[in-house]
Each structure stands twice: as C-alpha cells, then as structure tokens.
Amino acid sequence: MKICVLVKEVPDAAVTKRIDPSTGRLDRGGEKNLNPYDTHAIEAAMQLKEGGEVQVDEIIAVTMGPGSAVRALHKAVSLGADRSVHLSDDALAGSDVAATGYALAQTLKRESPDLVLLGQQSDDGECYTIGAVVADHLQMPSLTQVIKMDVSDGGLRCERQAEYGYDTVQVELPAVISVGDAINEPRYPSLKAIMGAKKKPLDALGTGDVEIDASRVGTDGSQVECGNFKAPPAKSAGLIIEDEDTNETVEKIVAWLDERKLI
Amino acid sequence: MAGILVYALHYEGAFNKNSLGAVAEAARLASELGTEAHAIVVGEGVSDDLAGQLGGYGAAKVFKVEGPEGLSQPVVDAMAKVMTDNGHDYALFGGGLLGFEIGAGLAARIGAGVTMEVTSVSVDGGKLVAERPILGDSSISESRYKGKGIIIGRLNAFEVPASNGGTAAVETVDVEFSPWSTKAKMVQRGEQRGADVDIEGADVLIAGGRGLGKPEGFDQLQDLAGAFGGNSAVAATRAVVDAGWYPYAAQIGQTGKTVAPKLYLAAGISGAIQHKVGMQSSENIVAINKDSNAPIFEFSDLGIVGDLNKIVPKLIEAVKAKKGS
C-alpha cells in the first residue's frame, strides 16, 4: 500500500496573522510550522504501517506552496514519511480552495496512492474542505473529520462525530480521509530523524510536471474573488485579571458575578 | 433561471435547524434576485409530506432523491445533477460537517467558487456576495463569484423563522450515483455516547476543555455548577468529548450544541473557532485559562489568567457562601 499524506506549511499559531493590503492575501511572512492537524495524519499513516494489518510500502508527504514549504516536508519526513513531493510554481499563487484541491489532485495522480490522508483543517483558515475537493478530482470515496480508523474488510472502518452523534462508515480503498486531532497523539521526531530528514528524496515539481491546466489555478483560475476586507463590529474588550493572589481573584470574580445578578 | 438550491439535512423525520435557516435565507435572497429558492432532500424513504414542509420556510420546490443518508458524495452527485438540469447558479448550506464536505465536493464537480463559515449574504449587481470572518474573526472578507457560487454558512448564521405552514411542490429525481460515491457505506449513524445532559436549557453553563488535564476535572466543574444551583449544567468541548472525558450530549460547538445561557464559564478552554460558534451568543462569558494568549480571552467579558486547579475550588466555596448569605 502506498499512502500519500497532504501537508501544509502554516504561520505559527503564536504569530499574529494579517492580510497583506497590497495583495489582498494572507501575509505569510514570519515564523512557519507544519500544520498541527497534518502531524496527526502522518501519525495515522505510521500507525497503519506499524500495525501489521496491512502492508504499507511507502509514505509520501505531499505539499503545494512556496519554496519555504520545504521545511514542512522536512518535518513530515522526520515524523516518518519515506520521501516527499513539493509542488511549487508562480502560476499557483492566489489559488482558491477549489483550485488548490485540483492542483494537489493532479500531483497525487502521479503517485497513484491507495490512501490519501490529511489533517481535517489548516491552522490558517481553509476549513475542512481540501479533502473533499481532492477526492472528487481523484474520483475516490472521501470522509472527513475522522477520529478512529481501523483496517477492516480490505478497506477502512472509520468513526467520526457528525451532526447527530457518532457515525461509523466503511470505506473502500483507494480513498481520501481527513483526520481530527483526537485520532492519535503524534510522536516526537528523534534527533536522528531530524538530522536525516534533508537526505531523504524530495521531488520538486512545477505545474508542467503534473499536467495542471494553468487556466484552472492561480488568481485567474480561481472562481471566487476575496477582498474588501473590513473590521468586524467592535465589541468592548473584557476585563482581564492575572491571578496572583487566588483569594483576591475569587473575590473579584464573585463581585463581578454579583454585580450582574448572576449569583 | 439563476435560482438558489439549498441542501436540507434531516434525521429521524425532522430537518436540521441550520438547514431550515438556510432555506429561509435563500428565499430572502432569491426574492431580491427575482428568482426562486429550491431545496434538495436526499434520503431513504423520505415522504413527500416531510419534503414539502420546506415550503413553510420559503422553498418554492423541493427535489427529492432516494439515496443514502448522512454521507456527502451521493449528495454531491444529486446536487450537481439538479443544478445542471435546472440552471441553479448558487448552492447554499447551513453550518455543519456535511455542508463543508458536500459544498467542497460540489465546488470541485461543477467548477464553482466556494466560501465557508459565511455569516452574511447580500445581493449586489444581481449576484450574491458572501461575508466571512477570517484570521480568528479579526477581519471580515467579502467573496464574489465569477460564475457559480457555493456558500456554506457558519452555524446559526441564518435565522430560523417559524414555518408559515406553506408546502412546496415535491419533484422526485432519479440520480445515478458515481461509482466512487457508493464505496463509502454508513455502518451506524448518530450513535450517542454517554448519558444525556440538558445543556441547551441551562441558565448557567460551566464548560470544561482540555486544560482540565484529566477527566476527573469534570467532578470539580459539577461541584461548581452545583454551587450555582438552580438551572445549571456542565458542558464540554469537542476535544474532551472525543477523548472520552465527557458525553457527546454535552458538547458545545460546530458539531455539538449551540447555547446562549446567561452565564458561560469556560474552564481550560482555548476558544477555538469551532467552539466559539457554539457559545458566542452567551450573555456573559467568563474564562479561566493559564495561557494569556488563549483566543477565548478575546471574546470573554471577564478573563482570568491563572491555574483553574487553584481557582475553581475556592470559587466553589465562595459561590456557596454567597448563595448561602
């Protein structure tokens, strides 16, 4: 079995994010990190490989992004991926969710994976959508927000939480599965793995290498135009208390509640 | 005809509240566009009576498709066919997991633009424009569509009116599902885990998150809710529900319940957007968290930066003392 894990480089969660007024896009400067949800996807792939119920021959980390995204791939490899694929091209800049999913799907076709795993969401705001877009282009069954995944009947038996409780769904392979952070506890990379990450094979590809129709990606190929950014309606800032003397803190909380007749 | 098609999710004979809000919102927008709002229902043995009820919320017509319930890809097949055959330019979804899955897959299938977590939709120049909060709700971005548009609402973004009692015409549509759509099969849907907890009706909600550190942390929150007495209950975030620390029935957020109590006290909750959507309408929000950078402090009325294990026991005693006085 060949597993491709989609990963993404995102701004560090501790960094304040902002829109670059000149481009209307997210300012991707500053500290970057591997999207935390994707580490759960890599761990899920590693657990399938180590679980012994199915033979996993290769785990490949795949990303689309600028040159700096290589660091996210190095991190993915240090967590267990055998090699990585980096799709990077100026023509892709400004791609919306649907265009990004199309470009990633074209890249994945080159690998013919038996399973595509990804984190259910990215820290920088593309909510829950890439997996379903990629699956439709690859013509594979898809399930998102999976919190348990077992090999069963030649496919995967997955659990996820949905609108009315927990669903259990049996999925045939090949498939695209996005996972939630409750699925596992990602391992820490060993020092040796971190040191060796840069030596593992990395394919650097452009749009021409994966048969991407340039008219379907980038700003021009995207079907939605985002802009006209504005501040949300102002809400007065709340009172913040640093707990230094807990007795005093609790007195303040009780007084605050009392004033609002909440107690 | 540039109509709007709404996916109406249903379960055990009733429509999802957010879907009804989306139908009503589509009817409002369609009226401004000079067109009609339609709905689509996909399920096994859905009656014409049930489907027709969507007329009470503004759907002029309901397309009924026989197919599996609770899975996204058969709905993508059905919506793509109905939109193509009937010339709909827009699809609208209430919030929730299936809206994200179906909307995204549908965008890929029909080459549409898609916007998720939408809080407001308007009409400009004969087209729909969607507004979406971004960057942790610190900014609002506007989405305009070059061609077809798919708009997925944030939970509770669209108000749910009472039904006007009207009924919609129901048209049964046969859909040939894609081979890959039939490769995911529902084994069990809507399984409830843990006991029932009534959090929607509570005036005071004490909610716990991963910051509690261990499942036993909820015992302390129960004591705090008990100290408030009256109509108080304990709620939880998705992370701790998924971890098995507390029942699903008490989960707040995107895939849980939406609440608006008089007091929402969040203990050890970071305030991720998925949680925020379920509780942001609370009248008073108090947060206790060790991390001064936790997003929840950005929308709390009172934020306590500190160790809840030190604060909560003393707060229980103080609330008891106050109530006793």
Side-chain angles (χ1 to χ4, degrees), chain A residues 14 17-19 96-98 101-102 125 127-129 132-133 135-137 139-145 147 157 161-172 180 182 222-232 235 238-243 246-247 249-250 253-254 256 258 260 262-263, chain B residues 9 11 16 70 72-73 96-97 100-101 104-105 107-109 111-117 133-135 137 139-147 180 183-193 239 242-243 248 255 262-263 284 297 300-306 310-311 314-315 318-319 322:
Chain A
K17 300 170 189 74
R18 66 178 199 101
I19 297 292
D96 67 3
V97 172
Y102 161 70
C127 307
Y128 306 108
T129 45
V133 174
D136 202 76
H137 286 296
Q139 303 192 340
M140 289 182 186
S142 153
L143 206 61
T144 69
Q145 305 194 48
I147 54 167
R157 181 163 290 221
Q161 202 187 96
E163 278 84 351
Y164 296 102
Y166 289 88
D167 291 343
T168 303
V169 181
Q170 176 73 25
V171 183
E172 283 181 40
S222 295
Q223 293 301 306
V224 59
E225 290 171 344
C226 298
N228 207 10
F229 303 102
K230 62 184 180 187
K235 180 182 184 282
L239 174 69
I240 299 285
I241 299 171
E242 299 271 351
D243 178 39
T246 303
N247 288 329
T249 301
V250 167
I253 299 172
V254 170
W256 190 93
D258 193 27
R260 287 157 185 80
L262 295 167
I263 200 167
Chain B
L9 172 68
Y11 183 66
N16 172 276
S72 64
Q73 288 171 309
L97 178 145
F100 285 111
E101 272 191 10
R109 185 74 61 86
V114 58
T115 313
M116 65 297 296
E117 291 279 345
I134 56 169
L135 308 179
D137 287 6
S139 181
I140 291 177
S141 162
E142 206 174 76
S143 290
R144 290 171 186 268
Y145 306 94
K146 291 180 185 170
W180 60 93
K183 288 183 176 170
K185 291 197 171 61
M186 186 70 75
V187 177
Q188 184 176 21
R189 185 180 181 206
E191 182 197 347
Q192 299 301 307
R193 294 178 180 174
D242 279 345
Y248 168 69
T255 52
K262 288 181 183 156
L263 172 64
N284 294 280
F297 289 128
S300 300
D301 300 294
L302 175 65
I304 316 295
V305 181
K310 281 191 206 163
I311 297 165
K314 289 191 173 178
L315 185 58
V319 172
K322 182 75 187 167

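Chain letters run A, B, ... following the sequence lines, proteins first, then strands; residues in each count from 1.
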(message) To check you understand the geometry: which heavy-atom pair defines the closest contact between Gly101(A) and Val133(A), and what is its length?
(response) CA-CG1, 3.6 Å

(message) Given heavy-atom pairs under 4.5 angstrom as the criterion, report whether the side chain, backbone, both or neither of Ser142(A) touches chain B.
(response) both

(request) Return the option, out of Ile241(A), Val171(A), Thr144(A), with the maximum number of heavy-atom pairs under 4.5 Å with chain B. (result) Ile241(A)

(message) Tell me which of these, Gln161(A), Gln170(A), Gln145(A), Met140(A), has more heavy-atom pairs under 4.5 Å with chain B than the rest.
(response) Gln161(A)

(message) Could you measure the distance from the CG atom of Leu262(A) to the CH2 atom of Trp256(A)? Nearest 0.5 Å is fine.
(response) 6.5 Å

(message) Is it the case that atom NZ in Lys262(B) sees more than 12 heavy atoms from other parts of the structure closer than 6.0 Å?
(response) no

(message) Need one label for Ser300(B): side chain, backbone, both or neither, based on atoms under 4.5 Å from any heavy atom in chain A.
(response) backbone

(request) Give the member of Gly113(B), Gly303(B), Gly147(B) that has the highest number of heavy-atom pairs under 4.5 Å with chain A. (result) Gly303(B)

(message) Using side-chain heavy atoms (C-beta onward) and a distance below 4.5 Å, is Glu163(A) in contact with Tyr11(B)?
(response) no

(message) Strictly below 4.0 Å, N to O, side chains only: are Glu191(B) and Arg189(B) in salt-bridge contact?
(response) no

(request) Indicate yes or no: does Asp243(A) engage Lys310(B) in a salt bridge with an N to O separation below 4.0 Å. (result) no

(request) Could you check which of Leu239(A), Leu143(A), Thr246(A) has the highest count of heavy-atom pairs closer than 4.5 Å to chain B? (result) Leu239(A)

(message) I need the residue from Ala162(A), Ala231(A), Ala135(A) with the largest number of non-hydrogen atom pairs under 4.5 Å to chain B.
(response) Ala162(A)

(message) Quick check on Ile253(A) against chain B: is it the side chain, the backbone, both or neither that has a heavy atom closer than 4.5 Å?
(response) both

(message) Heavy-atom pairs under 4.5 Å with chain B: which of Pro232(A), Gly238(A), Ala132(A) has the most?
(response) Pro232(A)

(request) Can you measure from CD (Gln192(B)) to OH (Tyr164(A)) and round to the nearest 0.5 angstrom? (result) 11.5 Å

(message) Report which part of Ala112(B) has an atom under 4.5 Å of a heavy atom belonging to chain A: side chain, backbone, both, or neither.
(response) backbone

(request) Check each atom of Glu101(B) against the heavy atoms of chain A and say whether the ones under 4.5 Å are side chain, backbone, both or neither. (result) both

(message) Do Val254(A) and Leu315(B) have side chains that approach each other closer than 4.5 Å (heavy atoms only, starting at C-beta)?
(response) yes

